[in-house]
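Structure provided below as structure tokens; questions to follow.
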Amino acid sequence: MGDMSDPVMSNVVDRHARVRLASQWIEVDGRPVLPVTGELHYSRVPRARWEEALRLLRASGVTVVSTYVFWIHHEPVRGEAGFDGDLDVAAFVEMAGKVGLDVIVRLGPWCHGEVRGGGLPDWVLEAAPRTRRDDPAYLGLVRDWFGAVGEQLAESVGPSGPVIGIQIENELYDQPGHIATLKQMARDAGLSAPIWTATAWGGALLPAHEVFPLYGGYADGFWVDQGEGWHDSFRDHFRFTHVWDDPGVGGDRRDPEQTVEIRDLDPEFPPATCELGGGMATAYHRRPVLRGKDVAALANVKLGNGSVWQGFYMYVGGINPRDGLQESHATGYPNDLPRFDYDFQAPISATGRSGPGLALLRDHNAFVASFGGRLVRMRSTLPDDAPVAVRDLDTLRWAVRTDGSEGFLFINTHQPHEPLSPVPGVQLRVGFDDGELVVPDRPVDLPSGLVARWPLRLDIAGVRIDWATASAVSLVDGPVPTLVLRAHAGVSPRAQFAGEEPVDLPVGAVIVAGGTLRVLTVEEAQADRLWHLDGQLIDADCEVWLEGGFLVARSESRPAISRWSGEAFEPIVREPDAAASVAPLGVERIRGAGEPPARYGEFMGRSSAPDDAQVDALAAVWRLTTPPPAVTGQRIELVIDWEGDVAQLRADGALVGDRFWDGRAWRVDVTELDPAAELTLHILPVTSRSVIDFDPSVRSQVDADHTLCDALSVTRVASVLWREPA
């Protein structure tokens, strides 16, 4: 057992064969690690795609998959709980373990996740209106539900199971006793894990010693009031700080008159997150657009702040399993969400393809995988001149994590909406136990938009890198290991190895340091193509993963894939497959649009989404050419490039998908649709009068054109799997 400062959980109670929580980090198999958690809601992803999605998670550097168990998805009718098909949580957890992922079960029973009732079935709200507290009527219903989940997960929990964490409730701020009660009820139902967690942001009061407090941070949020703009709570995540609490996340669910008391870290537990925004959902009234660097910068800042566990929400987007399950004004929420769409702009989209943040998160997660065990032993320190005000755009934002002998320098000059200023003539002084290190050897101009993690006095394979002006990415094993560095646009890559003069690093080429270490410096475009797969370094233009040690790829064209040999990237020749294709679909306009109002309604000062009657009355309609049916092994997506307000895809008149326009194309998986069904696309117009908070780039387009309503193109994409011969 660890020393007296270690938490009771996982050390005295709920001990696990592999996982242990220490006071400063998490240990797996006796070694400190920095876990990376990615959120995937199994009930929002077809079961047939679970394995591929989980393998993609692992291929992109995720080590733990987290998932909500939405009660309303399983038991819409009292006494008729279902756990089959896409709701088979036990099979999902088993599959995660099979592909090498641990699991966090976010048990609730109130989950939120943009689900109606926060995931509580309607009949629960009717039978026990005093929810989320120790009300006997409510607890009786929860006890039965936890018992049902406990039966399902009986083989997955315990000292050797893949379930290593259980979250109780979500964003509950003032009921610590209720959280403790729920934890005991879960234990009584046979559920156990070495780590029990709860969300700690918003000044949450949590029961002492019972739950590991976890934090979050988003680059933007749909939940902000109409017209409020980009909130300071988002700005705060792009500067280095040792304050982990966030009053903004979930703020729309709180009494606006309630004062939020920002709380310090609980000294019993290390700083960790469960919700760094891997993307963002789209509400009707507010439609933020995230770029990949927004996600990467936020994650990098949290590492610089001292994080020992990074969790991303969402990591895999999804689709609601039935109509009417979303949070909405009609059910008392301040936000209207799409009825089906939960793509979340996630790193892995709702159709299972690369989202906006995947490339940079792979890069980030590869760094964590290679150096996280060292990083968790390093203390975060901030410079004396760290920016104090969240609106300071000029002061350089940087932090250092070091154990006194080696470390990493974290730099951030990226921020959405309000770009941070470039900083000329930068030369930093970093203190170590045996003296001060000057980085770099000569002043360097840092451009706006830089997200960097530079190595400091790093010992690898008997070689010490005193500093580099390129970011550490990964360490690839081999007879002579390869250190991969990422060069940054606008910053000349340069390094100093101990005992030698500083040298320029050739981009796209290898240098050998000390005879025992290869250093490969890659440009940003190539770094975004790299996959770091169990010791293999793969350059690919599509999604790839490993099965049984061999490469598998998904592509709609002949993929370009090469593998690092230790000296160069060697192409892997793949033959084309006739089943893969990209082809346009015919689009015939069969009805024009009506004149929309500025608002279809409002609730709590926020614009309401139109109902079906309003869509039917005002939407323009296009008939799509019937796409060819899928053949074995194909995944069929429609990529819809459109402009307007709200779009609906209907099959023989029935709604099968919807999207609120935010300027991005809409990808819809239609593999399982009846190939004979008539597909129609219904688009409501948006006008310069529409009371909607768009991303500035989209708002400028709307204002310039006054009215937008068009199906610009629809493309049928048929992707297939490509397997490396055994």
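Note that these values count all heavy atoms, side chains included, but never hydrogens, waters or copies made by symmetry. Keep in mind it's a predicted model, so treat the numbers as computed, not measured.
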Exercise. Grab the two heavy atoms, one from L517 and one from P481, that are nearest each other, plus how far apart they are.
Key: CD1-O, 3.5 Å
Exercise. Work out which heavy atom in P213 is nearest to a heavy atom in D266; give both atom names and the distance.
Key: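 P213 and D266 have their closest heavy atoms at CG-CB, 4.2 Å.
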Self-check item: Intermediate values then yes/no, salt bridge (Lys or Arg N to Asp or Glu O under 4.0 Å), R106 and E39
Solution: CA-CA 10 Å; R106 304 183 80 182; E39 188 95 3; 3.1 Å; yes
Self-check item: V33 vs W25 side-chain heavy atoms within contact, under 4.5 Å
Solution: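 Heavy-atom side-chain distance check fails, nothing below 4.5 Å.
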Quiz item: For Y315 and S60, does a side-chain donor sit closer than 3.5 Å to a side-chain acceptor?
Solution: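 Judged by distance alone, the side chains do pair up.
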Quiz item: Is it true that D403 and R379 have a side-chain N and a carboxylate O under 4.0 angstrom from each other?
Solution: no
Practice problem: Determine whether the side chains of E602 and H285 contain a donor N or O and an acceptor N or O closer than 3.5 Å. | Solution: no
Quiz prompt | Polar side-chain atom of R286 near backbone of G221 as donor-acceptor pair, under 3.5 Å | solution = yes
Quiz item: Are R453 and F367 in a cation-pi setup, meaning NZ or CZ lies under 6.0 angstrom from the ring centre and within 45 degrees of the ring axis?
Solution: yes
Quiz item: Can we say R494 and D504 salt-bridge, meaning some charged N sits less than 4.0 Å from an Asp/Glu carboxylate O?
Solution: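 Salt bridge: yes.
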Quiz item: Which atoms form the tightest heavy-atom contact between Y215 and D264, and what is the distance?
Solution: OH-O, 4.2 Å
Self-check item: cation_pi(R457, F432) dist<6.0 Å, angle<=45
Solution: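 Yes.
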Quiz item: Would you call D703 and R699 a salt bridge, using N to O less than 4.0 angstrom?
Solution: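 The answer is yes: the pair qualifies as a salt bridge.
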Exercise. Test salt bridge (Lys or Arg N to Asp or Glu O under 4.0 Å) on R529 and D539 and set out the steps.
Key: CA-CA 5 Å; R529 297 195 306 268; D539 185 322; 2.8 Å; yes
Quiz item: Do you know which two heavy atoms are closest between L483 and I465, and how far apart they sit?
Solution: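 Taking every non-hydrogen atom into account, CD2-CD1, 3.2 Å.
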Quiz item: Should D385 and W398 be marked as a side chain to side chain contact (heavy atoms under 4.5 Å, CB included) after you check the CA-CA gap, both sets of side-chain angles, and the distance that decides it?
Solution: CA-CA 10 Å; D385 60 350; W398 63 288; 4.0 Å; yes
Quiz item: Taking the six-membered ring of Y284, is NZ or CZ of R287 closer than 6.0 Å to its centre and within 45° of its axis?
Solution: yes
Quiz prompt | Stepwise side-chain hydrogen bond (donor to acceptor under 3.5 Å, both in side chains) test for H706 and T687 | solution = CA-CA 5 Å; H706 301 294; T687 79; over 6 Å; no
Exercise. Before accepting this row, confirm whether a basic side-chain N of the pair D528/R362 lies closer than 4.0 Å to the acidic partner's carboxylate O.
Key: no
Quiz item: Are the side chain of R486 and the backbone of T521 linked by a donor-acceptor contact shorter than 3.5 Å?
Solution: no
Quiz prompt | Candidate list Q415, H414, H237, test side-chain contact (heavy atoms from CB on, under 4.5 Å), partner D294, passing option | solution = H414
Quiz item: Quick check: does any side chain N or O of Q226 sit under 3.5 Å from a backbone N or O of S607, one acting as donor and the other as acceptor?
Solution: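 Yes: the side chain of Q226 pairs with the backbone of S607.
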Exercise. Determine, step by step, whether H231 and D220 satisfy the side-chain hydrogen bond (donor to acceptor under 3.5 Å, both in side chains) criterion, reporting the C-alpha distance in whole Å, the side-chain angles of both residues, the deciding distance to 0.1 Å, and the verdict.
Key: CA-CA 8 Å; H231 196 272; D220 209 333; over 6 Å; no
Quiz prompt | Taking every non-hydrogen atom, the tightest pair across P334 and R606 | solution = O-CD, 3.0 Å
Exercise. May I ask you to check if K302 and W309 form a cation-pi contact, with NZ or CZ under 6.0 angstrom from the six-membered ring centre and within 45° of the axis?
Key: no
Quiz item: Can you name the closest pair of heavy atoms from L206 and A198 and give their distance?
Solution: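 Heavy-atom minimum between the residues: CD2-CB, 3.9 Å.
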Quiz item: Only one of W223, F234, F238 forms a ring pair (Phe, Tyr, Trp, His ring centres under 6.0 Å) with Y218, so which one is it?
Solution: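 Of the listed residues W223, F234, F238, the ring pair (Phe, Tyr, Trp, His ring centres under 6.0 Å) partner of Y218 is W223.
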